[in-house]
Novice: 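Structure in structure tokens, see below.
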Amino acid sequence: MAARFNPLEADAHWQRVWEERDSFHARNDSGKPKSYILEMFPYPSGRIHVGHVRNYTMGDVLARYRRMKGFEVLHPMGWDAFGMPAENAAMEKKVHPGEWTRSNIATMRSQLKRLGLAFDWTREFATCDPEYYGHEQALFLDLFEAGLVYRKQSEVNWDPVDMTVLANEQVVDGKGWRSGAQVERRKLNQWFLKITDFAEELLDGLGSLDQWPDKVRLMQENWIGKSVGMRFRFEIGDPEPGMESFEVFTTRPDTIFGASFAALSPDHPIAQTLAEKNEEAAAFIAECKRGGTTAAELDTAEKLGFDTGLKAVHPLDPEWKLPLYIANFVLMDYGTGAVFGVPGHDQRDFEFATKYGLPIRRVVAPSLEQAGEPIGEEAENGGGVIVNSRLLDGMEVEAAKAEVIRRAESEGWGEGTTVWRLRDWGVSRQRYWGTPIPIIHCQSCGPVAVPKDQLPVVLPEDVSFDVPGNPLERHPTWKQTACPRCGGEARRETDTLDTFVDSSWYFIRFASQPADRPFDREVAQSWLPVDQYIGGVEHAILHLLYARFWTRALKRIGLLDVEEPFKGLFTQGMVTHETYRSADGRWLSPEELDRTDGKLTEAATGEPVQVGRVEKMSKSKKNTVDPDAILDQYGADAVRWFMLSDSPPERDLPWSEAGIEGSWRFVQRLWRMSVDQPGGEGEDKALARKLHHTIAAVGSNIDSLAFNKAVANIYELANSIEKAPASATRVEAVQTLLLLVAPMAPHLAEEAWRKLGKEGMIADATWPEADPALLVEDEVTIAIQINGKLRDTLTAPKGSPREALEEMALASDKVARSLEGKTPRKVIVVPDRLVNLVA
RNA sequence: GCGGACGUGGCGAAACCGGUAGACGCAGCAGACUUAAAAUCUGUUUCCAGACCCUGGAGUGCGGGUUCAAGUCCCGCCGUCCGCACCA
């Protein structure tokens, strides 16, 4: 009886061997086909959590498998190291953000290494390394010179707690995505990246991403938000100065004769001008601003309007005057900040018209004959023919749209246009711990790029965090400099870049990292796009859209010929855990529980414990599990195995003590099977079949990231091997089994491989090939049904003719009994599958 | 409100093109080994009924439909989760 597999010794041993042999170094010039496997790099917050373990284990299995399949695999790791938490730590603990970050990185790196992940650590970097952010500054300047970066005064989302600006994407329900504080509006000079220039191609590009989840593509599509329509001008009758006309945007120009009113946003310049001399208007606008922006409030918010008394002149009939309102539902930052209302065919306009007693006209009907039917309980926004619309009558919706646009353009009062929901990306942050924006503000020359030979613009080390706000702004000397153009007195930009810029190109730097430039074009292109990217769905919009944009921007300026950075995307589920509450409602961690005689009590008090829902692990609910502790107890392979078992990878994985115990037992079982293997002679055809089926199944399941199925395949094979008598086939099956588990449980696989006296490392071994001859069964089980219900099964040679199967079915005792003497009316035979007798 | 995903044993789940529902794991039950326990091994485990080594019936959220045959396709509900949110 062999000793148990000791993961603590084996893990450390093999991790050292892999490191010494540089086993996972990705070579640029090996000549093998390349495969780039990437997991989203972590923010160094302090310690690794189980979610990281799941994420990196999945990537690791794929990376190791591809290596065994003969690919040159790039599987790198680094750190998304800039960001607010480091500054918060600096404020709370009086530690420099850099020091805090570097020490977290050291901790997390050693935690990751204990998992035995096949990373090419030679390519590791942190985004806070001046070498990295210096190259980022160079790229920023390239975009600046290409006109893709600009500065403008704009109203921004200001987070009063973090004291910084947020991008639209970072405002959730009117609150800061990090701080949760109510966001305020402020006017500031900000740097923007022209992502809207790429709206069309970012949208079209989604169509080529067939290895992305539909869900993510749809989310991006909605976020980009393309609306095709027209913009046109309303003249105001009896105009006063400053309010002669206004423009509206519509996607339904065909309904132009259904208009009952026009409405301005409370923020519209005309509304603002009006408010200056009209107290009621001013009061109404103030009222609108008070309304909340949360989902619930918006849902129930009533449509409110203020009749300005002004009249808008219908562009196709100068005699037709529409009342002009200021309305709370019109948004200034979408379209033109003004709309015309067609109550018959827009639900929002319908509600507004109902409230204010405005006419509700039908201008679209299923047919011309139904032109007279009134609009019912709600607006109709379907298609049909245009009615009650003079020159448009009888046209289909699309034809009418085109006709109105054509007229407007030829008469000069409007034009066809496309409006996007996507806004330019504001990247200025009033923070210290980020990439300094490499711009110098000169009093006479304006904003000037820092010359590239002066990069990187390095963050000063001597900063204080005693007061909120930006330490760079307060630093006594850092911002003082000379203008690179005229030599005059100048000031450095003290804003830093949004950290999403850092993560928008790190995957390129992983592929190629020359010292003197951001990346080598040829080398980067040899690896990119990333073949499989794995991470959380929470990055479906922000990070993934920005990275797609950045890649396309680099292509446009000729630095890199890659359109889409991530060919395959996989969003894995979370790791969840039961929650527990004490009798008085406190959250309890699993360690605080006592489980003697089947009852769950709080160890300290003996009080009964409420078992709560299975939820995402979080510190506040005390349902987290520390990876280091379980690694100490079970070793890397059991932890990895558990991460891959049971739940499909895209779904949530409930962590359980029993589950990890089960994985531990299986790791030990594999060990015993390998080392207590009885030698034997002769062939075992059935086992050989099972073996080769498993080889094929495990391979295809790993290829499609169905790790839970691959795990099940391996269990089945292990069960078959244990039941099989000693034979040469069995010896071979055990060795092959080790190859199959090598990507998942690499330490055990190496240890057993050596114990069996096999040559070389299993990490360098080749993935076994399934013998096609053994994948074909020569006997199949045929189901015998009567009226579609299973009555019997029988075994027949594969490929038996229909007649033979029918005959066999009719010969069955059970069939005879079930038929009760009746003759089947009809017989359906599916070769190699079933016979169905219809009685 | 709009859009999307999902719903299968006590639990996590499989089930390829419509063709034997519940593979595999967890938990449970029974047994073997042991002074005993742990570990390990063997058997068993969808539900109901009975003549209980066997046989019959029901069964994939609910109600209909198509089909020789439906977890899978179609229609209508119910529920859960996710994303977006007054987008003109």
Novice: Whether the side chain of A:N787 engages the backbone of A:V838 through a donor-acceptor N/O pair (distance < 3.5 Å, no angle test) should be reported.
Specialist: no

Novice: Specify the glycosidic conformation (syn or anti) of B:C74, with syn defined as within 90° of 0.
Specialist: anti

Novice: For nucleotides 49-60 of chain B, give me every protein contact, N/O to N/O, under 3.5 Å, one pair per line with atom names.
Specialist:
| residue | atom | partner | partner atom | Å |
| --- | --- | --- | --- | --- |
| B:G57 | OP2 | A:R791 | NH1 | 3.1 |

Novice: Can a side chain N or O of A:R651 be found less than 4.0 Å away from OP1 or OP2 on B:A13?
Specialist: yes

Novice: Give none if B:G56 has no partner; otherwise give the nucleotide forming a Watson-Crick or G-U wobble pair with it, both distances under 3.5 Å.
Specialist: B:C48

Novice: Using the C1' atom in both, what is the distance from B:C48 to B:A70, to the nearest Å?
Specialist: 23 Å

Novice: To the nearest 0.5 Å, tell me how far A:I256 CD1 sits from A:S389 OG.
Specialist: 9.5 Å

Novice: Could you tell me which non-hydrogen atom of A:A733 sits nearest to which non-hydrogen atom of A:L691, and how far apart they are?
Specialist: CA-CD2, 3.8 Å

Novice: Decide, for B:C53, between syn and anti: a glycosidic angle within 90° of 0 counts as syn, anything else as anti.
Specialist: syn

Novice: Under the ring pair (Phe, Tyr, Trp, His ring centres under 6.0 Å) test, which residues partner A:Y325, sequence neighbours left out?
Specialist: A:F352, A:Y356

Novice: Determine which nucleotide pairs with B:G12, using a 3.5 Å limit on both distances of a Watson-Crick or G-U wobble pair.
Specialist: B:C24

Novice: Applying a 4.0 Å non-hydrogen cut-off, can you work out what A:V330 is touching in the nucleic acid: base, sugar-phosphate, or nothing?
Specialist: base

Novice: Starting at atom CD of A:E578, determine the distance to atom P of B:C11, rounded to an integer number of angstrom.
Specialist: 13 Å

Novice: Between B:G3, B:C84, B:A14, which one does the side chain of A:R421 approach most closely?
Specialist: B:C84

Novice: Take atom CE of A:M574 and atom C1' of B:G83, then tell me their distance rounded to the nearest Å.
Specialist: 14 Å

Novice: Side chains of A:V741 and A:L670: does their closest heavy-atom pair fall under 4.5 Å?
Specialist: yes

Novice: Across nucleotides 18-33 of chain B, 5' to 3', mark each nucleotide with B, S or - according to how protein heavy atoms within less than 4.0 Å reach it.
Specialist: -BB--BSSSS------

Novice: Tell me which of A:L653 and A:V537 sits closer to the 5' end of RNA chain B, going by the nucleotide each one is nearest to.
Specialist: A:L653

Novice: Just how far, in rounded Å, is C1' of B:C87 from CG of A:L331?
Specialist: 7 Å

Novice: Looking only at heavy atoms, which two atoms of A:D832 and A:G799 are closest? And how far apart?
Specialist: OD1-N, 2.8 Å

Novice: Out of B:C68, B:A88, B:G43, which nucleotide sits closest to the side chain of A:K826?
Specialist: B:C68

Novice: Measuring only the P atom in each nucleotide, how far is B:G83 from B:C29? A whole number of Å is fine.
Specialist: 40 Å

Novice: Counting only Watson-Crick pairs (N1-N3 plus N6-O4 or O6-N4) and G-U wobbles (N1-O2, O6-N3), all under 3.5 Å, who is the partner of B:C73?
Specialist: B:G65

Novice: Is the distance from OP1 or OP2 of B:C41 to the nearest side-chain N or O of A:R672 less than 4.0 Å?
Specialist: yes

Novice: Measure CG/A:L218 against P/B:G4 and give the value in whole Å, please.
Specialist: 7 Å

Novice: Nearest whole Å is fine: how far is B:A38 C1' from A:W664 CH2?
Specialist: 13 Å

Novice: Just wondering, more than 12 heavy atoms not from A:E538 lying within 6.0 Å of its CD?
Specialist: yes

Novice: Just call it for A:R825: base, sugar-phosphate, or nothing, with non-hydrogen atoms closer than 4.0 Å on any strand.
Specialist: nothing

Novice: Just name whichever nucleotide pairs with B:C29, Watson-Crick or G-U, keeping both distances under 3.5 Å, else none.
Specialist: B:G43

Novice: Given the P atoms of B:C78 and B:G63, what is the spacing between them in whole Å?
Specialist: 15 Å

Novice: For A:L837 and A:P648, take the nucleotide of RNA chain B holding the closest heavy atom to each; which residue's nucleotide lies nearer the 5' end?
Specialist: A:P648

Novice: Report the relative orientation of the aromatic rings in A:H314 and A:F234; use parallel for angles under 30°, tilted for 30 to 60°, perpendicular for over 60°.
Specialist: perpendicular

Novice: Rounded to whole angstrom units, what separation is found between the CD1 atom of A:I541 and the C1' atom of B:G3?
Specialist: 12 Å

Novice: Hunt down the Watson-Crick or G-U wobble partner of B:A5, both distances under 3.5 Å, from any strand shown, or write none.
Specialist: B:U80

Novice: Would you mind calling B:G18 syn or anti? Take O4'-C1'-N9-C4 for purines or O4'-C1'-N1-C2 for pyrimidines, and syn is within 90° of 0.
Specialist: anti

Novice: For a quick test of reading the model, state the closest non-hydrogen atom pair linking A:F246 to A:A262 and the distance between them.
Specialist: CZ-CB, 3.8 Å

Novice: Just how far, in rounded Å, is P of B:C41 from CD of A:Q668?
Specialist: 11 Å

Novice: What's the CD1-C1' distance between A:I256 and B:A88, to the nearest Å?
Specialist: 13 Å

Novice: Checking base pairs now: Watson-Crick or wobble, both atom distances under 3.5 Å. What partners B:G18?
Specialist: none

